[in-house]
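Notes for the one structure printed next.
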Amino acid sequence: KDSGKDGDKPSAGGIKTGQGVTDKTIKLGVLTDMTGVYASLGKSVTQAQQLYVKQVNADGGICGRKVELVVRDHGYDPQKAVSGYTELSPQVLGFAQFIGSPFVAAVKQRVDGQDKGLVIPQAWSASLLGSPYIRVIGNTYDVETINAVDFLMKEKGLKKGDKLGHVYFEGDYGENALAGAKYAAEEAGLTVVEQKIKPTDNDMTAQVAALKKAGVKGVVISAGPRQAASFVGVATAVKLQAPIIGNNSAFSPQLLATQAGPALMKNYYVASPTQPIGTDSPDAKKLVADYKAAYPSDALDNGVVAGWTAASVFGEALKKACTAKDLTREGVDKALLTIDAYDSGFGTTHDFTDPKAPSSRQTVVLQPDKKVTGGMKVVREAEVSKAAESFTVGG
Amino acid sequence: MSTEAPVLEVRDLTVRFAGLTALDGIGFTVRPGTVHAVIGPNGAGKSTCFNVLSGVYRATSGSVRFGGEELTGLPAHRIADLGVARTFQNLALPPGATVEDSLMLGRHRLTRTGFVAAGLGLPSAVREEARHRERVREIAAFVGLEDQLARPAGTLPYGQQKLAELARALCMEPKLLLLDEPVAGMTAGERRATAAVVAGVRDSLGISIVLVEHDMGVVMRLADSVTVLDFGRLIADGTPASVQSDPAVVRAYLGEEATS
Amino acid sequence: MTTFAELLLNGISIGSVYALIALGFVVIFRATEVVNFAHASLLLAGGYVTAVLHDDIGFWLALLAGIGGAAAVGAGVEFLVMRRYRGSNHSVLAIVTIGVDILLTTELTRRIGTDVLALGDPWGDSVLTVAGVSVAHTRIAAFVAAGLLITAFLLAFRLTSWGVAMRAAAENSETAALMGVRLGRVSLGAWAVAGGLAAVAALFLTVFPTPGLERSTSLAAMKAFPAAILGGLDSTTGALVGGFLVGITESLATGYQGDLTFLGRGIGDLAPYLVMVAVLLVRPAGLFGTKELARV
Amino acid sequence: MAGAALEIRDLSAGYGPVRALRHVSLTLPEGSVVAVLGSNGAGKSTLLRAISRTLSFHGGAVTGGTVAFDGRPLTGLTPDRVVAAGLCQVPEGRQVFARMTVADNLRAGALGATGNRAAQAAALRRVHELFPVLAERAGQRAGLLSGGEQQMLAVGRALMAGPKLLLLDEPSLGLAPLMAQRIAETVTEINAQGTAVLLVEQNAAIALRLASHAYVLDVGEVVLSGPADELAASDEVRRRYLGVVDEDAAADASEAVAAHRTLSVWEGK
Amino acid sequence: MSDPIKRLRRPALWTAGAVLLLALPFYLDRFWLQAGLFAMAAAIGAIGLNLLTGSTGQLSMGHAFFLAVGAYGYCVLAGDSTGTLTGLNLPSWLAAVLAVALAGVAGGLFSPIAGRLQGAYLGIATLALIFIGQHVLFNAHDLTGGFNGRDVPPLSLFGVTFDESELLVAAVPFGSAEKLWYVALLALAGCALFARGVLRGRPGRAMNAIRDHRIAAGVLGVPVARYRAGVFVLSSMYAGLAGVLLALVFQRTVPEYFGMILSLEYLAMIVIGGLGSVAGAVVGAVFVSLLPQLLTRYSDALPLVSAPGTGGVAPGEASRYLYGAAVVAVVLFLPGGLVRPAFRRRKTTTSEESP
Ligand SMILES: Nc1ncnc2c1ncn2[C@@H]1O[C@H](COP(=O)(O)OP(=O)(O)OP(=O)(O)O)[C@@H](O)[C@H]1O
Ligand SMILES: Nc1ncnc2c1ncn2[C@@H]1O[C@H](COP(=O)(O)OP(=O)(O)OP(=O)(O)O)[C@@H](O)[C@H]1O
Ligand SMILES: [Mg+2]
Ligand SMILES: [Mg+2]
């Protein structure tokens, strides 16, 4: 019986190691969703992370050890997700990816309680903050939404006293974003008109009608790509004159090929924690090239960037831990806490010293554009609005 | 002899369905310990009458008194509790359950075991079960099904399924027994045997029996009195002999070369 | 006011899509008394075929191909699976359809992958605006299609012996066989037809205002459940009326959610079910369904 | 006599381990009426199921022997093919389509029919004059009909198909004497019009009167067979199937009672 | 039949099985124990559903709702009020009992509707419960914690607390999984025996009668409406208990879990196992809840599976295929289910004696 608790022991080169680390390999867990509702995200993130690992190993690995990803696809099923965690946690150092914040929440007790392995969720809900082991990368949805509203005010003519429409998903993502929207509205003297929807709603006609009736001057969408596309399409069709901006999960390049394409390129913006995959920074260009080479058939979307960033942050922490000669879970956690200005090459810098805060409050505003790789171009560089500065996250 | 079974009194009973009067103010009385036959052409309203007596249909008007109780308006299971048992013209036996369990179902009103007692297997429940299975075998033997007890009722031939239904009704230890065409689908020999069973029930239990049957032979043998319905109306009432010779009955029901 | 009219109209238009899906349930139920959980995946199949073909052979041909394809899938399911079941319990067969649904959906979502497929319909995102109330052309098309198809089936069930054979087979297969009904052929036909209908429904479910066909499209099919039940699982008229009721309820509940906050927000999906339960309390077999018999 | 319409050669059938028919042979001459008698569980219904090939619906199967109609073997056909071959059965226990209207039940009967619309209309008229109640209740759901009315519907439904050979499983079940008479007349009539009939009937009196030949089944085997009148004469048949004339019937009914073990009263509670 | 051997064999098998089950926590690691716990909880729920759907013929697709009532009920009753969350802070064992009762009450409240509807109509109507449930779970924040759910306070019985705090038993560290294992085992055994008693006794016969012929059942003296309501309550209580157990295993309740899929899985369990039999429910539950987990765990070992992204069949997909195929295959090739209901067996054995 393997209780998973083989105590930390010093080993090759006097480096302390613990669960998931041998002299040859460092095992990282990946709990993803490639068959469920978040399949598209899961696929891109996982492939990007596998790409990162391949490259790291190609130039010698970390601490002379090969990094190895153990992937479990939970298909967004809580039972499988929790089982997956239970299965992997004894044998891996930490989790480079964990999709589905409800599931992360479900195992939070165990992570904080005894496991203490570093977990990087692929979700940006403020409710995940606060644990020194579960670390959200990039701005949380609330911060992102605040910056988005700021963009509408500064650049799209939204004024004090106007009505702001907010279409959001039931669940952590939408409701966390709503918190942000409300705060921003508070600060800027706007009134929020809420429209709560479910992931199964694909037809936004009724929502558009309602917001039109309310006479909104701007709209934030904290939902999925489909809902965004539908909303923008209908809005254009019924001439709802209002700029529309969505969170980073509310767009996927595949949409540009559909009917909604033109409308999206005309009147839709996306707030994102990082620059898009298509930016012309050297790292981005290299990533695009490598990813295309590795997965020719697959689309380049934010998921790739997110996955890559998460993996590289974990890698960075490992390297730091290595120099500190401590590859135990505690060692890695500590190492991460010392990283205060990490730039993964996508325009935002991350500060991991405070577990209670997101690693960055910067938001980049993008616009859909067929011609660019990844289908998005930057319209406003990384920036933190005043409201976002003053906002106490998760509060 | 058990305690006298109560009198059954049906008074101008009327049942209407959308656009059709199945029973039109009929009435008759069943004296305790007798067999009362209800006959009539197909669609005359005999089963409807049974359905009212057993609480399956609501009467449009009229009254059915059994002993002190007014039956119309009572739900089926309350009527059963008063000791009214019936068989069905179109068989209503569970397809899967064994004959024995089907008969045990007849004991439902006489047993008390509830969810908790059964679930916990309390001694009381076990004892009750044993006692009543004993009686069930007795009754099965009485109608001649003792060898079939372990078979799924659904696989019995038609005639024996009819017997099983009769036995199940007997298992309710009824004061009033309603039999809807008990011998349909039997050979002459089997009819005689079944008739004997019915007679045996009347004589040894002294309960009232209402019998619906198209086999005049059996009716003549068993019935103490007969009521004849036609199109929901009562067209004759009296002793078997008198009824059989009643021209109206002959015209409407028996046909010229009457009782064969 | 125009908002109300608009919501109402929108409800009817989305309702006609639900009606089309519900009709698929009804056909299978009439022929086999099985609630078909695999309908969602038939829908996906039809949509997928149309989507991949429309570039090469044009929309209308592609649609035909989609209908044919989905019909084939339906027939295949009946022939390979449903027919093999030697039992009578309908809830068991319903579970089989769940298994089938898992298989088909997995395969199709694997093919669709992360794409959002356009079906290349001719209506685009154009809308018709009358007196400040606007309806998408796609929805007008859906309305017409639903109307036509449902009338067609109504007549088919009434006039042809097909309908009789179906119901006979469903109610008592042995006796139906004794009447010369070809049980296999009847249910095969039903499944094929259901497949074709699913393809049509898929079209209207994925064109504007929805961006296109993708893996989660099948989830939307679940919304047709209350529609089918509301109207009565074995009634074509029921499917139509049920569809409209569900569509309207949903649309109004969403449109006025601002005024309904005491119920909690986002009751758009819930409302149809509440209406359904309310209706069932009054009419246990739905608005137009055949009631169960109470005679012994 | 013309060639046999239905030719059954030592047919055996059973339900799983239950052997319901053992080497039954039966010949039904062209255009004749043949009766099958037998007590409960003798295997009469099983025989008809074996001919119409619906045993599988009851978890049973033919284990041996052949059935041929007009020289064509029926063995291995599906039930609908058997119907197409011109055989039509009125199954035991009515089996009307309870939730369908009377009219639709009759339409269902015509599904297997070979005749054109006109022929079917004629058949319908015929059925309606035989059983007027079916015309009155055309719109009523069959399940709500009375037992006898359902039986009429079952017979009428079979007549709609206009078969070459009609298999009747206890057609007079639950019918009032008058109605039973009418069924009997109908059988002779359609037989006169050239339809052969295989008649399973508990009312042996009627059966033997109608049939030219008769077979007696017992526990799955043919124990007696021959011309109807001869059988009617044999006292074995008289005793077991014809029953006996009234007065001593009453007598041995009472004697049966006397002989019968009586049931003690339940002293429960 | 060689009776003495038979009479000896069955108890022997039972005891062997019991010993094995009791010993498992000393050998299996947490993943397996957890899988086992999920299975046992599911088994309890499935038994309940089988009483309702299999034995009384009331199709229910709302089982997940009652599971949720049990799970969240326990959290609210046992949890303490922190921040926005309200909790009654009752002793956990009492909370568990009350949660089960609560589920029963919920079932009782719905039974009037259940009493009116039949077959598929009832099935879809109960589906409404799921949607109502989901809506409440997401919106009644102070009770359910909304989308991020609630922590599940650990159970403590007779001074033992079933949390992570490890106590050494025979040199094996016992965490929550190991301890809960025995609780679950006990609960399951109890539930199974109870259900068996109910089904074999008077209530069981009445339930089957209602399923087979409602009108006849009434005429035979069975108060149909009351019985249907009773069974609905009972099965809801089973679901409630299953919910409590699941919550304890998850250590955190998440609303997503209690959706329609879950209800359908429970239906699949009883059908696959065998409608109307307790053993069937248990076997079916084990089958349905273990299979996907095994398939996921060993997915990369499955034949013709390729690494994600290389275009072929991804592990997750492969396991879905197998799961779907298994469901279809079992139902088609074992119509009566993995465990054939008792009466079928009796039918075949006894019919040898008959002609
Ligand atoms: N629930 C119902 N709805 C409509 N009509 C009904 C209903 N029940 C019975 N009937 C009609 O009422 C009449 C009487 O039916 P009933 O069953 O009482 O006849 P019966 O005397 O039993 O005839 P049989 O001897 O054939 O059984 C029949 O014409 C039948 O069609
Ligand atoms: N579905 C079945 N499963 C098992 N055994 C059956 C089944 N149906 C009939 N049997 C058995 O087959 C034998 C013949 O049955 P069958 O129904 O043919 O008798 P029958 O002559 O029609 O009797 P009846 O005159 O009562 O209709 C009987 O022993 C019966 O128990
Ligand atoms: Mg009658
Ligand atoms: Mg028979």
Side-chain angles (χ1 to χ4, degrees), chain B residues 50-51 54-56 75-88 91-98 101-122 125-126 128-129 132 147-156 165 168-169 171-172 178, chain E residues 47 51 55 57 190-227 230-231 233-235 237-238 275-278 336 340-355:
Chain B
F50 272 21
N51 283 341
S54 55
V56 176
H77 64 93
R78 295 274 295 98
I79 293 179
D81 286 343
L82 295 175
V84 179
R86 72 171 283 182
T87 66
F88 299 89
L91 295 164
L93 286 168
T98 62
D101 285 350
S102 313
L103 298 197
M104 277 303 281
L105 186 58
R107 308 301 291 179
H108 187 89
R109 79 176 191 93
L110 302 162
T111 45
R112 290 286 155 266
T113 308
F115 282 101
V116 178
L120 301 177
L122 298 182
V126 179
E128 189 180 69
E129 187 87 357
H132 286 266
D147 308 336
Q148 313 294 354
L149 277 175
R151 283 185 64 178
T155 68
L156 294 179
E165 280 222 335
R168 185 173 66 180
C171 284
M172 294 172 70
L178 311 173
Chain E
I47 294 175
L51 289 174
S55 306
C191 289
L193 289 176
F194 190 91
R196 185 160 157 277
V198 168
L199 284 178
R200 297 208 173 163
R202 174 171 177 265
R205 285 191 295 270
M207 286 153 63
N208 292 342
I210 292 171
R211 175 193 63 200
D212 295 333
H213 203 309
R214 230 174 65 258
I215 297 174
V219 171
L220 286 161
V222 178
V224 175
R226 192 157 3 116
Y227 254 88
V231 176
V233 170
L234 183 61
S235 102
M237 291 173 74
Y238 270 86
L275 282 173
S277 88
V278 176
R340 305 167 79 227
F343 70 78
R344 292 232 187 74
R345 228 183 283 111
R346 218 176 302 154
K347 173 172 166 184
T348 45
T349 50
T350 53
S351 40
E352 273 114 14
E353 295 101 53
S354 59

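Throughout, a chain's letter reflects where its sequence line sits, starting with A, and its residues are numbered from 1.
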At a heavy-atom separation under 4.5 Å, does Arg196(E) approach chain B through its side chain, its backbone, both, or neither?
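The answer is neither part of Arg196(E).
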
Please classify the contact between Leu199(E) and chain B as side chain, backbone, both or neither, with a heavy-atom cut-off of under 4.5 Å.
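When you check distances to chain B, no heavy atom of Leu199(E) falls under 4.5 Å.
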
[X], part contacting chain E, at a heavy-atom distance under 4.5 Å:
{"X": "Ala125(B)", "result": "neither"}
{"X": "Leu120(B)", "result": "both"}
{"X": "Phe88(B)", "result": "side chain"}
{"X": "Pro94(B)", "result": "both"}

Between the main-chain N or O of His108(B) and the side-chain N or O of Arg202(E), is there a donor-acceptor pair closer than 3.5 Å?
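Yes, Arg202(E) side chain to His108(B) backbone: donor-acceptor pair under 3.5 Å.
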
Top contributor to chain E interface from Ser102(B), Ala169(B), Ala92(B) [non-hydrogen pairs under 4.5 Å]
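Result: the option with the highest number of such pairs is Ala92(B).
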
Determine the option with the most heavy-atom pairs under 4.5 angstrom with chain E, choosing from Gly119(B), Ala80(B), Ala118(B).
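The answer is Gly119(B).
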
Is there side-chain contact between Leu220(E) and Met172(B), with heavy atoms separated by less than 4.5 Å?
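In contact.
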
Any side-chain heavy-atom pair from Arg107(B) and Arg205(E) closer than 4.5 angstrom?
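A side-chain contact under 4.5 Å is absent here.
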
Taking all atoms of both residues into account, what is the closest heavy-atom pair of Leu234(E) and Phe115(B), and its distance?
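Closest approach of Leu234(E) to Phe115(B): CD2-CD2, 4.0 Å.
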
